Amino acid sequence: MIQKKGFQSICAQEMEVSLPNQPTQMPLYASSSFKFETIDQGISVFKGEQKGDFYSRYGNPGIRAMEEKLALLESFESGIEAEAVLFSSGMAAISTLLLSLLNPGDKILTQGNLYGGTTDLLTNILHRLKIEPVFTDLSDMQAVEDLLRSDKSIRLVYFETPANPTLACVDIEELVAVARAYGQYTVVDNTFCTPYLQRPLALGVDFVLHSTTKYLNGHGNSIAGVVIGRDKQLMREKVWTHMKLLGTNSNPFDAWLLNIGLKTLTLRMNQHCLNALKIAQYLEKNPAVEKVNYPGLHSHPDFLLAKNQMDQAGGMLSFELKGGLDAGIRFMNGVRFCTLAPTLGDIETLILHPASMSHVNVPREMREKNGITDGLIRLSVGIEAAEDILADLENALA
Ligand SMILES: *Cc1c(COP(=O)(O)O)cnc(C)c1O
């Protein structure tokens, strides 16, 4: 072959990739932009007349594959054609969705025991934009209805079920019915459950969101978030547009990691749930333990509700040690097998003592109001051999 290009041009330019066969695994589409064959093609892609990618903040094949897969999973067997947008993190998903839907003067009806970052976002950032949270007990339907009736600035109801740290549940269908009667959007953070255990779109919720960082990816190596909505037009015109302009987009590598993690979601969740139940049952019988919070235990106040709206009780639990802060710190120092880390949903068992770790700067009175007592331990039960987790807990409790 006669070579016409200069040496440096051969170095600098991309080779044509010929694909006589499709790869079995999704490639990593690490490209910030996509080229057009002709100017006409470019014009029609930009106008939205023709499908195509142009710039990865707007969209990317690997990111889109995850959006389509997550929309299918969240709307599974619901008959809904949902639309998803992937974000740089769970917090990006939450903040972008709220900024898409709310204006200054609007209020969000929500619960006090939200994920800490979400509470911070509502009280410290959205507050500056004159978007205010109204905190209440969302399992008290009378209180919810009274607030919706009396406060006309409430625009949406935002909730988590089960929620940290006591795994308290909210009746999704009941809450949706009340919110709908007052014309309010409902948004649920479904991170603890994943669509394998709980599918709120089928129960009438408008938007489901996740930190995919947790169970959906599952391997502790990627950060991303997703919003899945039942109103496709609203998702495109509002949520996608805000994502694109706020720059809260995901990236090819995190989407590619998420793609691998999602393949084993059901296997992992089954094992998380099986192990969590075994550990909850063991802890409930241990004399050093005051109380165990796990929705799969008959002793949990929301046992029946969880059984009704979740397919299994999940991999998260918390328990209270007799002996308060001292006991909590001694217990944490005794743990060898479990990992001390402030995240959840990984395949390894993760353990957290909120009073000395995640909530060390929160005054005791405020902590305790949300159930975070001195002796409370939170466990994200992994998929290891249950006997190894049990032996570690038994040893640390002794
Ligand atoms: C971790 C988490 C978030 C925040 O997600 P990031 O991916 O860390 O931004 C939101 N909600 C829940 C329930 C979480 O556990």
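Please read all numbers here as calculations on a predicted model, not as lab measurements. First listed ligand is number 1; within each ligand, the first listed atom is number 1.
Closest protein heavy atom to atom 2 (C) of ligand 1: Lys214 NZ, 2.5 Å. The single protein non-hydrogen atom nearest to atom 4 (C) of ligand 1 is Tyr115 CE2, 3.4 Å, given as residue, atom name and distance. Looking at atom 9 (O) of ligand 1, its nearest protein heavy atom turns out to be Met91 N, 2.9 Å.
Of the inter-residue distances, the one linking Phe46 atom CZ with Ile39 atom CD1 reads 9.0 Å to the nearest 0.5 angstrom. Atom NZ of Lys232 is separated from atom CD1 of Ile80 by 11.5 Å, given to the nearest 0.5 angstrom. The line from NE2 of His359 to OG1 of Thr373 is 11.5 Å long, rounded to the nearest 0.5 Å. Going from atom CG of Leu267 over to atom NE2 of His272 covers 10.5 Å, rounded to the nearest 0.5 Å.
Here salt bridge (Lys or Arg N to Asp or Glu O under 4.0 Å) pairs that include residues 279-308, with residues two or more places apart or in two chains, number zero.
Geometrically, ligand 1 and Gly90 share a nitrogen or oxygen pair separated by less than 3.5 Å.
The distance between the ring centers of Phe207 and Tyr158 does not fall below 6.0 angstrom.
Near Thr213, with a cut-off below 4.0 Å to any heavy atom, the atoms of ligand 1 are 7 (O). Interface atoms of ligand 1 facing Leu344, defined by a heavy-atom separation under 4.0 Å, are 15 (O). Residue Asp189 has at least one heavy-atom neighbour below 4.0 Å for each of these atoms of ligand 1: 10 (C), 11 (N), 12 (C), 13 (C).
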